[in-house]
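Remarks on the structure that follows.
Throughout, residue positions are numbered sequentially from 1 according to the sequence presented. All values reported here derive from a predicted model rather than from experimental measurement.
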Amino acid sequence: IIQMFTYKIFNNIAEDGLNILDGNDFHIDEIDPDSLILRSQNLSNDDFNKSLKCIGRAGAGTNNIPINDATDKGIVVFNTPGANANAVKELVVCGMLLSSRGIIQGNIYSKTLSGQNSVELNKSMESQKKNFKGNELKGKTLGIIGLGAIGSLLAQTAEIMGMKIIGYDPYISIDAAWRLPKDVEKADSMNYLLNNSDYVSIHVPLMDATKDLINKETLKKFKKGSKLINLSRGGIVNNEDIIEALDSKIIDNFVTDFPTPELITRSNEFHDVILLPHLGASTKEAEVNCAVMAAEQISNFLNDGIIVNSVNFPSIKLGRKTKYRMVIINQNEPGMIGKITDEIGYKNINIADMTHKSRDAVGINLIDLEEEPSEELIENIENIDHVISVRLCKLVHELLVQHVLAQDHQVCREKALPLRLDEAHPLLVVDVGQDLLFQTNLEAFLDKSVDLAVQEEIVGEAGFHQSGLR
């Protein structure tokens, strides 16, 4: 009914996610959107338009987004941890099987038998199948580096498959710890994990601290004949060092989702590198999950200032107490809350509720006011030193009701939208579909410039009659 915010799409985003934005009355703006939603698109400062307030990354990794630049401009960057966890987990299991059972090599050999009759075919297969003999996963030890959403889910599946599990994550969250099977051995160091694992699977983000995490020195710690699986990020593993380790038989196989020219050459010549074209999260289900989560995060932030799963801002949430909420982003400097509230006090506006959170160099405030702030007040707060941005979130429900009743009252009759009076409170409740009930003050409704006959008809249907209506 009302177009509230705008978004711009990069990459193919699942329709289920876009439907959430459209259902919240967002519309596409290719020039100056409030939000961006993307997957693997590489962003630069040039993509940060004047109105941009947030970015939704439909996936876990954010190394395709200049995070520091976004933070400096007060742009919140979201990712979707866990939304693709099952897809990646299943591919890790597939990678362990592919590296253990000669499946790919056997498939290649089988295709060479074209033209043989049944007798010749059976004889050829029986004579050569010993060359593709592998090992089972049951009873083997899986080392998992990084025990977040994917790592903890992988541990659960590996345990069901009868594997022993060693986990290493010095920064494990409480939620992730609760998801781990009780028999997972917690390694005190990565070297211990590498030295005792038959399979090693990496699940950490790419950052300065994890670049070339697997290198010549760490590869010396691997259990001889082990297998390495990297579906996380390419830069975490040094490919030249991996090839040397394969040559020296330190590791037996390398499975990666990130092909490079040297790895392709190695795979073609020795068949001990299994290459996948970035398939980790490439399932219909994962794409839907990521798109839905990213869209919900964008909608919640733009409508109410709520932040969950941001990589550069603190998580923050506050239940709405009034219909006027100010979202103020500032540099994390001392005295900012006092300066902001002083400006509000000078205008004799009461604060119904507020909260403040900070993270590193940035802070955010959600402030619910009992009356609408003036443009002058907003400008005064914007002019405070170290304030990055100020915006007003008017309660969307109120805006929608006012629009339906004051601007487009025919919608109520044409769509036969039910209206009723809430007997417990002097509020008119308007059902505008999609299971959403919006409430507006009855007196305010009657003051709107709506045809009086229509007012009488609607209010009469609600079971309430206002004297003076004709």
Does atom [atom1] of [X] have more than 12 heavy-atom neighbours, drawn from other residues, nucleotides or ligands, at distances under 6.0 Å?
| X | atom1 | result |
| --- | --- | --- |
| Asn117 | CG | yes |
| Lys186 | NZ | yes |
| Arg101 | CZ | no |
| Lys133 | NZ | no |
| Gln128 | CD | yes |

Indicate whether the side chain of [X] and that of [Y] have a donor and an acceptor atom separated by less than 3.5 Å.
| X | Y | result |
| --- | --- | --- |
| Glu90 | Asn86 | yes |
| Asn42 | Asn64 | no |
| Arg233 | Asn63 | yes |

>> Could you walk me through whether Lys227 and Ser99 satisfy the side-chain hydrogen bond (donor to acceptor under 3.5 Å, both in side chains) test, starting with their C-alpha distance in whole Å, then the side-chain angles of each, then the deciding distance to 0.1 Å, before giving a yes or no?
In response: CA-CA 7 Å; Lys227 299 167 177 62; Ser99 64; 5.6 Å; no

>> Using the side-chain contact (heavy atoms from CB on, under 4.5 Å) definition, which of the options Ile340, Ile328, Leu366, Ile337 pairs with Met354?
In response: Ile337

> Of Ile243, Ile274, Val237, which meets side-chain contact (heavy atoms from CB on, under 4.5 Å) against Phe254?
Replying inline: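 Answer after filtering Ile243, Ile274, Val237: Val237.
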
Judged by atom type as modelled, is there a donor-acceptor pair below 3.5 Å linking the side chain of [X] to the main-chain atoms of [Y]?
| X | Y | answer |
| --- | --- | --- |
| Ser226 | Phe222 | no |
| Asn79 | Ala60 | yes |
| Asn131 | Gln105 | no |
| Asn11 | Ser40 | yes |
| Asn238 | Asp241 | yes |
| Ser114 | Lys111 | no |
| Ser315 | Val308 | no |
| Ser127 | Lys123 | yes |
| Gln156 | Leu153 | no |
| Asp32 | Ser51 | yes |

>> Before you tell me yes or no, could you show the steps for Met326 and Ile381 under side-chain contact (heavy atoms from CB on, under 4.5 Å), namely the whole-Å CA-CA distance, both residues' side-chain angles and the distance that decides it to 0.1 Å?
In response: CA-CA 10 Å; Met326 296 186 76; Ile381 295 175; 3.5 Å; yes

> Does the pair Val200 and Ile145 meet the rule for a side-chain contact (heavy atoms from CB on, under 4.5 Å), with working shown?
Replying inline: CA-CA 7 Å; Val200 174; Ile145 301 174; 3.9 Å; yes

With rounding to the nearest 0.5 angstrom, report the [atom1] to [atom2] distance, [X] to [Y].
| X | Y | atom1 | atom2 | result |
| --- | --- | --- | --- | --- |
| Ile367 | Thr355 | CD1 | OG1 | 10.0 Å |
| Leu43 | Thr62 | CG | OG1 | 10.5 Å |
| Ile306 | Gln297 | CD1 | CD | 11.5 Å |
| Glu136 | Leu97 | CD | CG | 10.5 Å |
| Leu142 | Leu137 | CG | CG | 9.0 Å |

> Which pairs with one or both residues in residues 192-204 pass salt bridge (Lys or Arg N to Asp or Glu O under 4.0 Å), sequence neighbours excluded?
Replying inline: Asp198-Lys223

Just so I know, are the side chains of [X] and [Y] near enough to count as touching, which here means a heavy-atom distance under 4.5 Å?
| X | Y | result |
| --- | --- | --- |
| Ile236 | Lys211 | no |
| Thr80 | Asn289 | no |
| Ser35 | Leu302 | yes |
| Ile67 | Val77 | yes |
| Ile364 | His356 | no |
| Asp25 | Phe5 | no |
| Asn230 | Phe258 | yes |
| Met96 | Met163 | yes |

> Excluding sequence neighbours, so at least two apart, what forms ring pair (Phe, Tyr, Trp, His ring centres under 6.0 Å) with Tyr109?
Replying inline: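 Here the qualifying residues are Phe132.
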
Between [X] and [Y], which heavy-atom pair has the shortest distance, and what is it?
| X | Y | result |
| --- | --- | --- |
| Asp34 | Lys53 | OD1-NZ, 2.5 Å |
| Ser152 | Ala176 | CB-O, 4.1 Å |
| Ala87 | Ala281 | CB-CA, 4.2 Å |
| Ile307 | Pro314 | CG2-O, 3.4 Å |
| Asp257 | Gly280 | OD2-N, 2.7 Å |
| Ile144 | Gly151 | CD1-O, 3.6 Å |

Would you mind checking if [Y] and [X] are paired as a salt bridge, meaning a charged N to carboxylate O distance below 4.0 Å?
| X | Y | value |
| --- | --- | --- |
| Asp272 | Arg266 | yes |
| Glu217 | Lys220 | yes |
| Glu240 | Lys216 | no |
| Glu185 | Lys164 | no |

>> As a quick check of understanding, evaluate side-chain contact (heavy atoms from CB on, under 4.5 Å) for Val255 and Leu98, giving each step before the final call.
In response: CA-CA 9 Å; Val255 181; Leu98 291 176; 5.7 Å; no

> Taking the six-membered ring of Phe48 as reference, does the NZ or CZ atom of Lys73 fall below 6.0 Å from its centre and within a 45° cone about the axis?
Replying inline: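 No, Lys73 does not sit over the ring of Phe48.
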
> So, is the end of the Arg325 side chain (NZ or CZ) under 6.0 Å from the ring centre of Phe301 and within 45° of the ring's axis?
Replying inline: no

>> side-chain hydrogen bond (donor to acceptor under 3.5 Å, both in side chains), that's the test. Do Asp175 and Ser173 meet it? Break it down for me.
In response: CA-CA 5 Å; Asp175 288 342; Ser173 68; 5.4 Å; no

>> Evaluate Asp22 against Tyr7 for side-chain hydrogen bond (donor to acceptor under 3.5 Å, both in side chains), listing each step before the verdict.
In response: CA-CA 10 Å; Asp22 295 339; Tyr7 67 96; 2.8 Å; yes

>> Apply side-chain contact (heavy atoms from CB on, under 4.5 Å) to residues Ile251 and Leu246 and explain how you reach the verdict.
In response: CA-CA 5 Å; Ile251 62 171; Leu246 289 166; 3.7 Å; yes

